[in-house]
K.L.:
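Quick one: the structure is below, questions incoming.
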Number of protein chains: 2
Amino acid sequence: MPEIARRPENRYGNRPTMKDVAARAGVGLKTVSRVVNGEPGVTADTERRVQEAIEALGFRRNDSARVLRKGRTASIGLVLEDLADPFYGPLSRAVEEVARAHGALLFNGSSAEDPDREQELALALCARRVDGLVIIPAGGDHRYLEPEIRAGVATVFVDRPAGGIDADVVLSDNHGGARAGVAHLVAHGHRRIGFIGDMPRIHTAAERLRGYRTAMEDAGIPVEPSWTSLGATVPERVRRAAEEMLSGPAPVTAIFAGNNRVTVTVVRVLAELGRPVALVGFDDFELADLLRPGITVVAQDSGRLGRTAADRLFRRLDGALVAPERVELPTRLITRGSGELPPAG
Amino acid sequence: MPEIARRPENRYGNRPTMKDVAARAGVGLKTVSRVVNGEPGVTADTERRVQEAIEALGFRRNDSARVLRKGRTASIGLVLEDLADPFYGPLSRAVEEVARAHGALLFNGSSAEDPDREQELALALCARRVDGLVIIPAGGDHRYLEPEIRAGVATVFVDRPAGGIDADVVLSDNHGGARAGVAHLVAHGHRRIGFIGDMPRIHTAAERLRGYRTAMEDAGIPVEPSWTSLGATVPERVRRAAEEMLSGPAPVTAIFAGNNRVTVTVVRVLAELGRPVALVGFDDFELADLLRPGITVVAQDSGRLGRTAADRLFRRLDGALVAPERVELPTRLITRGSGELPPAG
DNA sequence: TAGAGCCTGGACAACGTTGTCACGGGCGGG
DNA sequence: CCCGCCCGTGACAACGTTGTCCAGGCTCTA
């Protein structure tokens, strides 16, 4: 009966370990570890022998084992809504850069705006023992993270606040931004101003709606129910909402769009309409300046959101034991033409 | 002398382990493992006791240790050029979805078009023992991955081919796409056609240039050196290149733009010019249809690139021992107006 | 030249999990 | 009624690394 190979054939495809390197170099295990980690206490000659063995075998340290031993994984997790959404690209990249500066790798996952999936992802990342989490909440209840945070997972929420727990949050000034955007329309003579936004269970959507209402109240304009559309932002629905507001005996003369997907659809509707209607959108987007007219927007800096959040996270990992904080970043109104159109009719 | 705590204070923030759960439930370690993993052979009563202990302690399995024992990490790495680039968003998301379907998590890193950084990232991921890698090459030499691939890391290259090693590659038909785009301009009567692209050391850029040359040759048009601009795609340079081609006694009447960043800059230049110049761009981009004229593009499906690559990767992980293959996905010409302008002058 | 101290290197345990195996008790069949 | 089998359970080793500690040989000084 032939001897069965002891090493299971396909663990890491039978990778060499420090033990193998040590055997080949004729030194002890720990000496290899020292060389690999650049620790002092190894003579030049020994080091050379070890290096040669490493080269020859194609050894690469198994960071999984290292992690197990050291207790830190040097990795963080980012849970966002959709990697494919241009808004999250710069945010994601910014988080990555900060992580890189701290020698950490980044796990990335999309919740697809589904609270269950967000939880599943976040907990899977915790099981991997990421050192920290940056979460763009999809759900409104994050108590499931309580044991994790207590156990030391640094956690920062971005773009939307956490629900039910006390944690760091980095937000844009959605209320103030929307208020300023709508006030801008008012300043240009509009009174019948429509608002098309996302489901109000999403915090940013609710805040922007609130900003709209505040601005209208500031201007002493009572808001007609038909001027407001909340709900899914699939193009067909936005299109229908816009068309309804723009028809009838007293149509709106300006629209405030609650996010970039809405803005784009509204631009399409207006292009077909022929009649000039003022438009201000929340979120900047590429090429907004190239359209005719250029689209006036309330811009938030998604890269800065990510950088701020990641900075906070690593400060916490570096031992800062400050109380959880809520940071609100300012928005910026960029005028390009569409928001400065006078009311028609 | 007080007893010093045995448990180092801040490993995983002193998380409970299976051992702790076992002690609390009054069962053996392995029984906890069985419950956690849903293995059979545990009575309902025992299971209940274990579950209670898990809840009470807030236990979560340490997948790092699990990985060490099992040899598979259920994670894959994606090395791309820039997460913030809209082209990579859908690609990244597609890879993530496939990974998710296979129960794997996704590491994500940007090489910033720097070969050293690509290598550093890829090797860091290998050290974490990712099961597989999806790489969008920044460099032209990937022999550094040879030992890793031999050791069993499934590797698929996307968007650009690997250098120096035999591995799976998923590409767009850059040559054919560019050729078709330029031929489209020729068909609309243009003969003096400019090409503005990226550095030819980037494979896609070189292929698209080749496609341009093939199309010109097909049409029997000799290419003037001044019609071609290759190099960094920072806006200022593209702008200068475009302005040069468009001036002089025999300016180009059409421009083929080698990627979406170039296209956008060219659109800006043309908008300022006032004179109609035909334009076809490689890569589609959002809102291309809303510009006046709409921008005609050669579109590639970045999501499909990612999906195809990830599918291949997991097929390999599932044991398929097929030879490395080169897959080329078709591109699609989308006419929107800018490519159908007749030559001016 | 002898003793003290330093410097290099290795043996060993531990990290938290899973695979292997053995043990004991209950039950069914002969 | 007894034997054997199966089922539930737990002890133990192993995964690959790092931290601790000790041994042995060297150098430097008195």
Side-chain angles (χ1 to χ4, degrees), chain A residues 4-23 25-50 53-54 57 59-74 126-129 151-152, chain B residues 4-23 25-50 54 57 59-74 126-129 151:
Chain A
I4 293 173
R6 283 292 149 58
R7 257 338 218 330
E9 202 41 70
N10 232 3
R11 286 187 60 80
Y12 300 110
N14 239 337
R15 274 179 172 260
T17 70
M18 285 193 177
K19 202 166 155 190
D20 302 323
V21 175
V27 300
L29 184 54
K30 179 64 199 191
T31 301
V32 177
S33 172
R34 273 193 270 262
V35 171
V36 169
N37 294 296
E39 287 171 26
V42 182
T43 54
D45 182 61
T46 309
E47 172 160 1
R48 193 185 41 74
R49 287 215 320 280
V50 172
I54 288 176
L57 295 173
F59 167 80
R60 182 166 315 284
R61 183 179 63 195
N62 184 335
D63 277 1
S64 280
R66 174 164 221 252
V67 151
L68 177 60
R69 187 65 230 262
K70 303 205 77 139
R72 279 274 177 113
T73 57
C126 289
R128 297 299 174 94
R129 295 297 187 267
Chain B
I4 293 173
R6 283 291 149 59
R7 255 339 217 330
E9 202 41 70
N10 231 4
R11 285 188 61 83
Y12 300 112
N14 239 334
R15 276 180 171 259
T17 72
M18 284 192 176
K19 201 167 155 188
D20 301 324
V21 174
V27 301
L29 184 54
K30 179 65 200 192
T31 300
V32 177
S33 172
R34 273 193 267 263
V35 171
V36 169
N37 294 296
E39 287 170 27
V42 181
T43 53
D45 181 61
T46 310
E47 173 160 0
R48 193 184 41 72
R49 286 214 320 282
V50 172
I54 288 176
L57 295 174
F59 167 79
R60 182 166 317 281
R61 182 179 64 194
N62 184 336
D63 277 0
S64 280
R66 174 165 221 252
V67 152
L68 177 61
R69 188 65 230 261
K70 302 205 78 142
R72 279 276 177 112
T73 58
C126 289
R128 298 300 174 93
R129 294 296 187 269

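The structure presented is a predicted model; accordingly, all values stated were derived computationally and were not measured. Every chain is numbered from 1, with letters handed out A, B, ... down the list of sequences. Atom set for the values below is all heavy atoms of this structure, side chains included, hydrogens, waters and symmetry mates excluded.
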K.L.:
Take atom CG of B:L68 and atom P of C:dG19, then tell me their distance rounded to the nearest Å.
P.N.:
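The distance from CG of B:L68 to P of C:dG19 comes to 13 Å, rounded to the nearest Å.
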K.L.:
Considering all heavy atoms of both residues, which atom of B:P16 and which atom of B:L57 are nearest to each other, and what is their separation?
P.N.:
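Reported closest heavy-atom pair: CG-O, 3.4 Å.
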K.L.:
Report, one pair per line, the protein and nucleotides 25-28 of chain D atoms (nitrogen or oxygen only) whose separation is under 3.5 Å.
P.N.:
none

K.L.:
Is a donor on one side and an acceptor on the other found under 3.5 Å between the side chain of B:N37 and the backbone of B:E39?
P.N.:
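No; zero donor-acceptor contacts below 3.5 Å.
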K.L.:
Got A:V36 and A:I54 here, is their nearest side-chain heavy-atom distance under 4.5 Å?
P.N.:
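Yes, side chains in contact.
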K.L.:
In whole Å, I'd like the distance from the CZ atom of A:R72 to the C1' atom of D:dT17.
P.N.:
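My rounded result for the distance is 18 Å.
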K.L.:
Please report, rounded to the nearest Å, how far the P atom of D:dC15 is from the CZ atom of B:R128.
P.N.:
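One finds 22 Å between P of D:dC15 and CZ of B:R128, rounded.
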K.L.:
Please classify the nucleic acid contact of A:N37 as base, sugar-phosphate, or nothing, using heavy-atom distances under 4.0 Å.
P.N.:
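The residue A:N37 makes sugar-phosphate contact but no base contact.
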K.L.:
Over how many whole Å does the gap from B:D20 atom CG to C:dC15 atom P extend?
P.N.:
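To the nearest whole Å, that distance equals 11 Å.
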K.L.:
Output yes when at least one side-chain N/O atom of B:R15 is less than 4.0 Å from OP1 or OP2 of C:dG16, else no.
P.N.:
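No, outside the criterion.
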K.L.:
Separation of A:E39 atom CD from D:dT18 atom P, in whole Å?
P.N.:
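My rounded result for the distance is 8 Å.
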K.L.:
Have a look at the helix from C:dT1-D:dA30 to C:dG30-D:dC1 and give the angle its two end axes make, five pairs each, rounded to 10 degrees.
P.N.:
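The two end axes of the helix from C:dT1-D:dA30 to C:dG30-D:dC1 meet at 50°.
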K.L.:
Roughly how far apart are A:L29 CG and A:D20 CG, rounded to 0.5 Å?
P.N.:
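The CG atom of A:L29 sits 10.0 Å away from the CG atom of A:D20.
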K.L.:
Specify the closest pair of heavy atoms between B:C126 and A:R60, including all atoms of both residues, with the distance to one decimal.
P.N.:
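Answer, listing the atom of B:C126 first, then A:R60: CB-CD, 4.0 Å.
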K.L.:
If you check the B:F59 side chain, which of C:dT17, C:dT18, D:dT18 turns out closest?
P.N.:
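Output: C:dT17.
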K.L.:
Give a yes or no answer on whether the side chain of B:R128 reaches the backbone of A:D63 with a donor-acceptor pair at less than 3.5 Å.
P.N.:
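Checked: no pair found.
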K.L.:
A:A25 and A:R49: which non-hydrogen atoms are nearest, and at how many Å?
P.N.:
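Minimum heavy-atom separation between A:A25 and A:R49: O-NE, 3.2 Å.
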K.L.:
List the atom of B:E47, the atom of B:V42, and the distance in Å for their closest heavy-atom pair.
P.N.:
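Between these two residues, the closest heavy atoms are N-CG1, 3.8 Å.
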K.L.:
Give a yes/no answer on whether the side chain of B:S33 brings an N or O atom under 4.0 Å of OP1 or OP2 in C:dT18.
P.N.:
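Checking C:dT18 against B:S33, a side-chain N or O does come within under 4.0 Å of OP1 or OP2.
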K.L.:
Tell me: CZ of B:R129 to C1' of D:dG16, nearest whole Å?
P.N.:
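One finds 9 Å between C1' of D:dG16 and CZ of B:R129, rounded.
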K.L.:
Whole angstroms only, please: what is the NZ-C1' distance between B:K70 and D:dG16?
P.N.:
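My rounded result for the distance is 17 Å.
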K.L.:
Please state how far atom CE in B:M18 lies from atom C1' in C:dG19, giving the value in whole angstrom units.
P.N.:
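So the CE-C1' distance, B:M18 to C:dG19, works out to 13 Å.
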K.L.:
I need a per-nucleotide contact map over nucleotides 6-13 of chain C, read 5' to 3'. Cutoff is protein heavy atoms under 4.0 Å; write B for the base, S for backbone only, - otherwise.
P.N.:
--SBBB-B
